[in-house]
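What you see below is based on every heavy atom in this structure, not just the backbone, and it leaves out hydrogens, waters and symmetry mates. Residue indices begin at 1 and follow the sequence shown.
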Amino acid sequence: MTRTVIESKTKTAVMGFDEPFCVIGERINPTGRKILNEELERGDFSRVEADAIAQTMAGATVLDINSGAVFSNKMADDPRYADNNFVEPDLMRQLVEKVQAVVDTPLCIDSSVPGALEQGLAAAEGRPLLNSVTGEEERLELVLPLVKKYNVPVVAISNDDTGISEDPDVRFAVAKKIVERAADFGIPAHDIVVDPLVMPIGAMGTAGLQVFTLVRRLREELGVNTTCGASNISFGLPNRHGINNAFLPMAMTAGMTSAIMNPVALPVGPKKIAAKKEEVLASGIILPDGMDDEAFVQMFGMGSTMPRAGKEMEAIRAANFLTNNDDGGAAWITMNREAPKAGQEGRGRAGRKGGRRRG
């Protein structure tokens, strides 16, 4: 049975067809996150550290670390900062060191810059996942030697020099090519994690069916583990969480073994809380004196003021249970166990001492 092993200094994450779904937290990525990008340019890693902790607490089994920052302000003083080959290697090393200082979650080193990949591999403790190689000849020749040198697994993305094909047979052929080329370097198939490329369902109505069929082929014909950017399926659509929550369990039952995704339900901010309070007061509802924001947002179903596991994590854990990849339902029960209220510690169901008695 195919098993892809990813390790930190003290923890091991395993991808496999008979293993719990591997959640790769995507939050440590400055692409599209303006505030994080600006903080990294100033050398402020506090948000990175907070994201690492929050994702781990929410259930991420691996943390993706992407160094694709753009340091616009520094470019004005030093033109070298316009080159990602100059920026990313040192930034990647710092990111890996900062994250490892606050969590012991295995890592995924993510960059398009070979120098950044090598710096991340050198700084990482254990056996990280490398992200990524494609079927492009230049990329194969640059990345596969690093995979072999550091003896790590790698994400293989199913596009090549011709781009991304909408034809799933072409994407399968690219994946097969990468697996075969990796074998030439002495890299086993169990260390190749194929990303079959999930297309947005809003642009291509067959995108879901395509990826499910492709994942089955990758499992049955190549014997490889798989991953994807989970949110790609719902891009541009309303209620993206609803689509993602359906897609992930369906992909899991087709054979997908991991996803790069956000495991955290982001906290409700003060602006939304203030607006909701105005709406509530305008409707004539009198709020209790001294009600704090956390109690307020929970009362009105807004979520939480603190980061917590998102709905996608709930869907994944339920699917793990239903596919017998959650031993005795322990993870599901733990996730859904509410903390006891004051004075009810040690009590059973409905707060009665010892719970229901059986005759």
Side-chain angles (χ1 to χ4, degrees), residues 1-6 8 10-27 51-64 103-106 208 212 215 219 225-228 230-231 233-234 239-267 294 297-298 301-304 306-341 344-352 354-356 358:
M1 188 67 73
T2 300
R3 297 173 81 252
T4 303
V5 178
I6 309 163
S8 67
T10 61
K11 285 189 175 179
T12 299
V14 180
M15 288 185 199
F17 307 139
D18 57 351
E19 297 285 341
F21 195 71
C22 182
V23 175
I24 304 172
E26 69 180 6
R27 294 282 297 162
D51 282 340
I53 294 168
Q55 290 183 105
T56 298
M57 293 295 291
T61 39
V62 175
L63 296 180
D64 187 87
V103 296
D104 57 356
T105 311
F212 303 148
V215 165
R219 171 177 175 165
N225 283 307
T226 46
T227 195
C228 70
S231 63
I233 193 70
S234 61
N239 189 12
R240 297 185 67 184
H241 292 294
I243 295 172
N244 297 345
N245 291 350
F247 169 74
L248 283 162
M250 293 175 75
M252 290 167 67
T253 55
M256 188 168 283
T257 49
S258 71
I260 301 170
M261 54 177 281
N262 178 15
V264 181
L266 299 181
E294 179 64 16
V297 298
Q298 291 203 18
M302 299 174 66
S304 174
M306 301 294 291
R308 60 179 183 172
K311 286 293 183 182
E312 286 87 345
M313 291 300 298
E314 184 175 295
I316 287 169
R317 284 172 170 151
N320 280 335
F321 194 4
L322 291 167
T323 55
N324 199 30
N325 286 321
D326 177 6
D327 188 18
W332 178 257
I333 292 166
T334 299
M335 183 187 73
N336 288 283
R337 182 182 291 127
E338 295 182 3
K341 297 178 181 179
Q344 291 188 349
E345 295 86 350
R347 293 176 179 265
R349 186 175 178 181
R352 296 191 300 272
R356 178 177 292 173
R358 295 180 180 269

Starting at [atom1] of [X], measure out to [atom2] of [Y] and round the result to the nearest 0.5 Å.
{"X": "Leu322", "Y": "Thr253", "atom1": "CG", "atom2": "OG1", "value": "10.0 Å"}
{"X": "Ile6", "Y": "Thr105", "atom1": "CD1", "atom2": "OG1", "value": "12.0 Å"}
{"X": "Ser304", "Y": "Glu294", "atom1": "OG", "atom2": "CD", "value": "3.5 Å"}

Nearest non-hydrogen partners of [X] and [Y], listed with the distance:
{"X": "Arg317", "Y": "Ala309", "result": "NH1-CB, 4.2 Å"}
{"X": "Ala54", "Y": "Pro307", "result": "CB-CB, 4.1 Å"}
{"X": "Met313", "Y": "Ala58", "result": "CE-O, 3.5 Å"}

Neighbour count >12 (heavy atoms, 6.0 Å) for atom CZ, Arg240: yes
More than 12 heavy atoms of other groups within 6.0 Å of Met306 CE: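 No, CE of Met306 has 12 or fewer neighbouring heavy atoms, counting only those of other groups under 6.0 Å.
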Side-chain touch Met252/Phe247, heavy atoms, less than 4.5 angstrom: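 A side-chain contact is absent here, since even the closest heavy-atom pair is not under 4.5 Å.
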Close side-chain approach of Gln55 and Leu63, heavy atoms under 4.5 Å: yes
Set of residues satisfying side chain to side chain contact (heavy atoms under 4.5 Å, CB included) with respect to Ile53, sequence neighbours excluded: Met57, Val102, Val103
Pairing residues for Glu312 by the side chain to side chain contact (heavy atoms under 4.5 Å, CB included) criterion, not counting sequence neighbours: His241, Asn244, Asn245, Leu248, Met261
Any donor-acceptor N/O pair, Asn320 side chain to Asn324 backbone, under 3.5 Å: no
Side-chain (Ser258) to main-chain (Thr226) donor-acceptor, under 3.5 angstrom: yes
Test item: side-chain donor near acceptor, Thr4 and Asn225, under 3.5 Å: yes
Please tabulate, for the side chains in residues 11-27, all donor-acceptor contacts under 3.5 angstrom to protein atoms that are two or more places apart in sequence or on a different chain.
residue, atom, partner, partner atom, Å
Lys11, NZ, Asp104, OD1, 3.4
Glu26, OE2, Asn262, N, 3.4

